[in-house]
**Q** 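Handing you a structure now.
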Amino acid sequence: MANCAFPMQARRCVWWGGAARCATWAPSSSSTSGTVGAWCSSWPTRRRPRRNSWRAYRPCAASLCWGAEGVVAEREAKNPNLATGDVELRLTDLKIFNAAATPPIPVEDAGNEANEDLRLKYRFLDLRRDKLQRNMVLRSEVANVTRNYFRKNDFIDFETPILGRSTPEGARDYLVPSRVHPGDFFALPQSPQLYKQLLQVSGFERYIQICRCFRDEDLRADRQPDFTQIEVEMSFVRQQDVQAMIEGLMVELAPLADQTAQPPFLRLPFKDAMEWYGSDKPDLRCPLKIQDVTELFAGSDFNLFRVAADSHGQRRVRAVWFPGEEAGNTSRKVLDGYQESAKTLGAGGLPYLKWGKSQSVSRIAEGDAEKDGLSSSFKKFLTPALEAALRDHLQAPNEGLILFAVGTDDQTSRVLGDLRVRIAKSLAAAAELSKADPTPWFDKNAFAFLWVVDFPLFDWNEENQRFVACHHPFTSPHADDMELLEANPGACRAVAYDLVLNGYEVGGGSIRIHDADTQSRMFRAIGIGETEAREKFGFLLDALSYGAPPHGGLALGLDRLVMLLAGVDNIREVIAFPKTAQARCLMTDAPNAVDAKQLRELRIQSEQPQQYRAGVMFFESVPAELQAPISVLRTLSMNQASSTSTMVLDGEIVKVETTRIPGPGFED
RNA sequence: GGGGUUGUAGCUCAGUCGGUUAGAGUGCCAGCCUGUCACGCUGGAAGUCGCGGGUUCGAGCCCCGUCAGCCCCGCCA
């Protein structure tokens with residue numbers, strides 16, 4: 001095979017994100033020899049070498065893992081489009097390490113991407129793709145930069161237990177049964193919160209851990225049941241000390257995404273965040289603010305809005321002003337789309353008012369003339385005075401669009417908070433297409449960091465009719481609000497802060513309670529009595545009574561952070577083996593049923609066998625009118641019987657829960 | 001738990017008003033070509049239209065149910 005020209009650059013080296021990999025073996029000198037290993041996925045049939053020496057490989061040529069040895073030489077026909085297009089490897093040896101079946105999903109980056117369920121099922125192949133390779137490397141870099149940063153700042157890296165104690169409050173725990181102590185359970189940590197506080201009591205003044213956390217709650221694009229946090233805790237600090245430390249880390253991380261972070265980041269009180277942006281994690285890439293226009297409708301004939309104005313602040317009318325001709329000409333169809341999404345967020349409708357320039361001739365002809373380009377869903381209540389007042393109040397002198405929401409602060413914030421960003425994004429995208437400057441609405445290239453501070457200490461929980469800790473029950477109340485702990489918990493502020501980046505909460509933390517007395521008051525406020533507190537958190541109260549230092553910290557969501565640095569909108573793209581929205585792993589099929597023996601050892605009884613036995617009883621005493629369904633049941637195939645089935649009985653569709661169980665069938 | 005959306009060849013998708021034998025690209029297989037590098041040319045195989053019912057003379061298309069993926073609400077101290 002010597003001197004067999006073998007243009008390696010043409011294949012998997014490229015496929016693999018291979019420019020960098022090729023560089024490791026393709027030196028600039030044209031006379032160096034070396035060995036290289038690589039995969040050849042989907043070895044192109046048309047380019048399959050014809051020489052006899054290659055024939056032997058053809059049965060397994062679909063996708064190969066191979067190694068080649070040869071001499072790097074300058075190519076006769078160079079390809080300027082490839083990083084290594086100037087050189088080729090003149091083979092002296094070629095080994096096929098392993099044949100491969102045709103991949104079920106494309107692993108080339110060019111061309112189509114398979115559906116996500118297939119990508120997840122064959123994650124080991126999906127991970128070969130450049131995009132995911134890059135994301136995984138980025139994630140590793142983020143972790144390394146983080147560890148180095150904190151090490152440089154005298155932090156100590158800890159490992160805290162994964163098998164721990166279930167605690168009340170917060171998310172649902174993942175439970176792990178104890179074999180040694182039948183009937184007792186460990187809980188996987190929702191976060192190592194208590195451990196990191198206890199380590200402060202122990203005198204480790206700077207704690208860092210990159211650790212797994214587990215919460216048994218429903219998933220979102222930015223939420224997995226097991227996820228990774230960068231946990232930080234420090235003694236003798238105020239919130240600005242913690243924030244400065246984290247800002248320093250962001251300064252080092254941002255360059256990984258060719259961005260910069262410029263501390264100090266904006267500090268925005270929670271109250272203002274909700275008032276101006278309708279969110280506790282505002283996306284400041286969009287500068288537009290929500291404004292209160294309730295008073296303008298005080299004497300209006302427009303009942304919907306006037307009622308709010310008469311409600312003494314119970315309900316308000318709030319609005320967002322989108323400036324510009326583009327916004328003013330928003331079509332009815334598009335507005336309907338916005339209204340639909342507003343409705344899914346709980347709005348009754350989406351009142352609007354727009355001043356556009358171009359009006360369609362046909363609509364004017366239909367008598368729907370819009371003089372001055374004015375159009376509104378409540379036009380008949382819109383007096384010239386009101387129009388002028390709105391223009392003045394919203395500082396809306398020219399063309400543009402106003403969207404209104406009416407209701408409680410919660411309702412209007414949710415609707416306008418969502419639309420503010422959504423519409424700004426699409427206006428900016430449209431502006432970009434028409435080569436206009438999109439910046440007034442949305443700067444998609446920005447990295448908009450901010451701190452949201454002064455969170456409330458408590459939230460009122462309707463379901464349980466009591467206050468719950470907004471952040472967690474170890475959060476220090478604001479020094480000025482200590483007496484509100486008992487007097488008016490709802491108004492009590494916390495020394496808690498969230499780090500927000502581009503509309504995502506990437507981190508949250510607080511200054512903790514460091515004395516047992518305040519901690520007890522806190523537990524009382526959320527309905528945890530002395531006895532229960534003693535029982536569940538005795539170790540913490542003990543620890544706090546032995547000279548615990550003032551301390552505080554923060555946890556960063558590593559997955560979200562890497563997601564934003566990678567420029568993707570889903571954390572599955574930055575997790576090697578993620579779960580689906582239904583908290584399932586399509587590759588391993590976890591979670592799965594386990595052996596009866598395993599359950600017995602844990603003294604755990606599965607409900608399914610019990611259901612089956614109930615079925616047997618049912619069969620034995622079956623009344624005549626149920627003979628028919630039973631006969632239908634007997635005809636079900638194994639597949640059909642694996643879940644819920646339907647059958648037609650006397651003209652009616654009947655739903656039947658069926659469970660497949662191992663063992664003898666009905667006939668036996 | 002609720003709402004929305006998607007499911008057709010290995011993969012990505014099209015499929016009209018319900019009407020003949022369900023198509024395209026890509027991949028796969030075979031042959032030809034060879035300095036190609038998303039090579040090119042010719043031919044071929046490949047479909048439980050997610051699954052189960054129903055309506056109809058007739059269903060990929062309509063109805064009911066169900067499963068799975070995705071997004072959102074609830075939930076996530």
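Order of the sequence lines fixes the chain letters, A, B, ..., with proteins taken first and strands second; residue numbering starts at 1 for each chain.
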**Q** Considering every strand shown, what is the Watson-Crick or G-U wobble mate of B/C17 when both distances are under 3.5 Å?
**A** none

**Q** Using both distances under 3.5 Å as the test, list the Watson-Crick or G-U wobble partner of B/G43, or none.
**A** B/C29

**Q** Taking only residues two or more places apart in sequence or in another chain, which ones pass salt bridge (Lys or Arg N to Asp or Glu O under 4.0 Å) with A/Asp173?
**A** none

**Q** Would you please say whether a donor-acceptor pair under 3.5 Å links the side chains of A/Ser510 and A/Arg512?
**A** yes

**Q** Assuming nearest nucleotide by heavy-atom distance, tell me which of A/Asn115 and A/Arg223 is located more 5' along RNA chain B.
**A** A/Asn115

**Q** Taking the same atom, P, in B/C57 and in B/G44, what whole-Å distance lies between them?
**A** 39 Å

**Q** Could you pull out the protein-nucleic contacts involving nucleotides 69-73 of chain B (nitrogen or oxygen on both sides, under 3.5 Å)?
**A**
from: B/G69; atom 1: OP1; to: A/Thr580; atom 2: OG1; distance (Å): 3.1
from: B/G69; atom 1: OP1; to: A/Arg584; atom 2: NE; distance (Å): 3.3
from: B/C70; atom 1: OP1; to: A/Ala581; atom 2: N; distance (Å): 3.0
from: B/C70; atom 1: OP2; to: A/Ala581; atom 2: N; distance (Å): 2.7
from: B/C70; atom 1: O3'; to: A/Arg572; atom 2: NH2; distance (Å): 3.0
from: B/C71; atom 1: OP1; to: A/Asn570; atom 2: ND2; distance (Å): 2.4
from: B/C71; atom 1: OP1; to: A/Arg572; atom 2: NH2; distance (Å): 3.0
from: B/C72; atom 1: OP2; to: A/Ala221; atom 2: N; distance (Å): 3.2
from: B/C73; atom 1: OP2; to: A/Arg220; atom 2: NE; distance (Å): 2.8

**Q** In terms of the angle between their ring planes, are A/His472 and A/Phe474 parallel, tilted or perpendicular, with boundaries placed at 30° and 60°?
**A** tilted

**Q** Kindly say whether the aromatic ring centers of A/Phe537 and A/Phe523 come within a distance under 6.0 Å.
**A**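 Between A/Phe537 and A/Phe523, the centre distance is under 6.0 Å.
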
**Q** Using atom C1' in both nucleotides, what's the gap between B/U16 and B/G2 to the nearest angstrom?
**A** 35 Å

**Q** Would you call A/Glu169 and A/Arg466 a salt bridge, using N to O less than 4.0 angstrom?
**A**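 Salt bridge between A/Glu169 and A/Arg466, a charged N being under 4.0 Å from a carboxylate O: yes.
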
**Q** Watson-Crick or G-U wobble partner for B/G74, using a 3.5 Å limit on both distances?
**A** none

**Q** Say we look at B/G15 and B/C32: how far apart would their P atoms be, to the nearest angstrom?
**A**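 Nearest-Å result for B/G15 against B/C32 at atom P: 40 Å.
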
**Q** Contact class for A/Thr475 vs. all strands (heavy atom < 4.0 Å): base, sugar-phosphate, or nothing?
**A** nothing

**Q** Starting at CG of A/Asp418 and ending at C1' of B/G4, how long is that distance when rounded to a whole Å?
**A**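 Going from CG in A/Asp418 over to C1' in B/G4 covers 14 Å.
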
**Q** For B/C73 and B/G50, measure between their P atoms and round to the nearest Å.
**A**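 The answer is 29 Å between these two P atoms.
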
**Q** Under 6.0 Å from the CG atom of A/Asn461, do we count more than 12 heavy atoms belonging to anything else shown?
**A** yes

**Q** Can you tell me, in whole Å, how much space there is between the P of B/G60 and that of B/C75?
**A** 44 Å

